[in-house]
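Heads up, the thing below is written out as structure tokens.
By convention in this document, chain letters (A, B, ...) are assigned in the order of the sequence lines, proteins followed by strands, and residues within each chain are numbered from 1. In this text the structure is predicted, and so the values were computed from the model without any measurement.
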Amino acid sequence: MIVKDIVSCIEGEPLLICDPDLLEKEYTSAFATDLMSDALAMIHNSTETMVLVTGLANVQSLRTAEMLDIKLLILVRGKTLPDDILEVAREKDLNIITTGLTMYSACGRLYKEGLCGIYG
Amino acid sequence: MASILHKEYKVIRDDYIGAGKVSSDIKKTLSTIGVDAGVLRRISVACYESEINMIIHAWGGDITMDVTDDGVIRLVFADPGPGIPDMAKAMTPGWSTASDTARDMGFGAGMGLPNIKRVSDEFDIKTSEKGTTLTLGFKVEQ
């Protein structure tokens, strides 16, 4: 799924775009959690074309993405990040989209449009 | 097995904001010497989980990293206590004693130690009330 379609599908707003070509890039899967160890346990399924969907809006969601080589985060429930944490994200070349949808609704819409989970 | 690259770090108890800085530096350091991306991701995940454990469960501690001349990257996490009272439970996926503060920061899924063991090529843990020492080894693909 192309990132600009992901943004439109979840009525999202770009919070931080470090990759100027991001909106045209294709992402192939998503994983959703508020628990970072759950995300870290997905290491063997993680790819650079996987999106992390989370309601955890703090520096640890950024560090988790960094360890897993994830480049795109979707923050749900209208979460944003303060400037100092956005600066950390910028240093790590991360891209962040925020949506007012709940995790369930955001995932449901993305799945319906073809962005599958890591096990299909 | 001489060390050809050695680094040492201090980790501070309850430093939830700084948690992960050591792992980030280790990832950056190993990336610059050309460690394979797949191995590097395993090292990063194991290191980050272990660093978090020292911050949320132990009273801080020391992390050392060595790259040895026989192609092994070794990480040692040594803390001064309080030790892991039940190792079998700590190794059980889903079992956690994390505090509410740690959970608010996204930790406490109970996947830490099982995941660290799963992604490491060598895993050794020794614990008593005087502290825990976790030693991890990763073979660098030639």
Side-chain angles (χ1 to χ4, degrees), chain A residues 18 29 31-77 79-94 96 98 103 118-119, chain B residues 14-28 30-31 35-53 55-57 75 90 92-98 100-120 138:
Chain A
C18 287
S29 63
F31 184 76
T33 184
D34 285 351
L35 286 171
M36 293 302 105
S37 272
D38 277 350
L40 292 163
M42 292 299 113
I43 177 172
H44 295 298
N45 303 92
S46 149
T47 69
E48 289 193 12
T49 58
M50 185 179 98
V51 185
L52 178 61
V53 184
T54 184
L56 186 74
N58 65 30
V59 72
Q60 298 309 332
S61 51
L62 310 184
R63 294 226 166 93
T64 297
E66 178 190 9
M67 301 309 154
L68 290 170
D69 299 317
I70 289 169
K71 289 295 178 192
L72 179 60
L73 273 83
I74 295 173
L75 294 180
V76 295
R77 305 192 293 273
K79 301 282 180 78
T80 60
L81 292 169
D83 287 347
D84 57 334
I85 296 183
L86 276 177
E87 193 50 44
V88 175
R90 197 171 282 117
E91 286 166 13
K92 300 181 189 312
D93 287 329
L94 294 175
I96 305 171
T98 182
M103 174 112 71
I118 55 173
Y119 298 123
Chain B
D14 291 340
D15 179 16
Y16 295 100
I17 303 302
K21 276 186 178 170
V22 173
S23 305
S24 186
D25 187 79
I26 286 177
K27 181 169 192 179
K28 204 178 295 175
L30 295 176
S31 176
V35 174
D36 169 82
V39 179
L40 186 54
R41 190 182 297 161
R42 287 195 289 120
I43 294 170
S44 304
V45 166
C47 188
Y48 182 47
E49 287 277 21
S50 305
E51 182 184 351
I52 296 294
N53 279 347
I55 288 163
I56 68 176
H57 295 299
L75 300 172
T92 305
W95 190 83
S96 175
T97 58
D100 288 347
T101 310
R103 287 173 198 272
D104 286 347
M105 292 300 288
F107 307 120
M111 295 303 289
L113 275 175
N115 198 28
I116 293 165
K117 187 173 185 183
R118 192 168 60 99
V119 302
S120 305
F138 300 85

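- Every side chain to side chain contact (heavy atoms under 4.5 Å, CB included) that A/Leu56 has, sequence neighbours left out, goes to A/Met36, A/Thr54, A/Asn58, A/Ser61.
- Residue with the most contacts toward chain A among B/Gly106, B/Gly38, B/Pro93: B/Gly106 (heavy-atom pairs, distance under 4.5 Å).
- For B/Ile52, the part sitting under 4.5 Å from any heavy atom of chain A is the side chain, from C-beta outward, and nothing else.
- Between B/Leu113 and B/Thr92 the shortest side-chain heavy-atom distance does not fall below 4.5 Å.
- Contacts of B/Phe107 with chain A are made by both backbone and side-chain atoms, with heavy-atom separations under 4.5 Å.
- Using a 4.5 Å cut-off between heavy atoms, A/Ser46 contacts chain B through both its backbone and its side chain.
- Other residues, nucleotides and ligands contribute only 12 or fewer heavy atoms inside 6.0 Å of the NZ atom of B/Lys21.
- Listed by first and then second residue, the salt bridge (charged side-chain N to carboxylate O under 4.0 Å, His left out) pairs involving residues 63-77 of chain A are A/Asp34-A/Arg77, A/Glu66-A/Lys92, A/Asp69-B/Lys27, A/Asp69-B/Arg41 (not counting sequence neighbours).
- In this structure, A/Thr80 and A/Leu86 have side chains that are not in contact, with every pair of non-hydrogen atoms separated by 4.5 Å or more.
- Between chain A and the residues B/Ala37, B/Gly20, B/Gly108, the most heavy-atom pairs under 4.5 angstrom are made by B/Gly20.
- Considering only heavy-atom pairs separated by less than 4.5 Å from chain B, the leading option among A/Ile43, A/Val59, A/Ile85 is A/Ile43.
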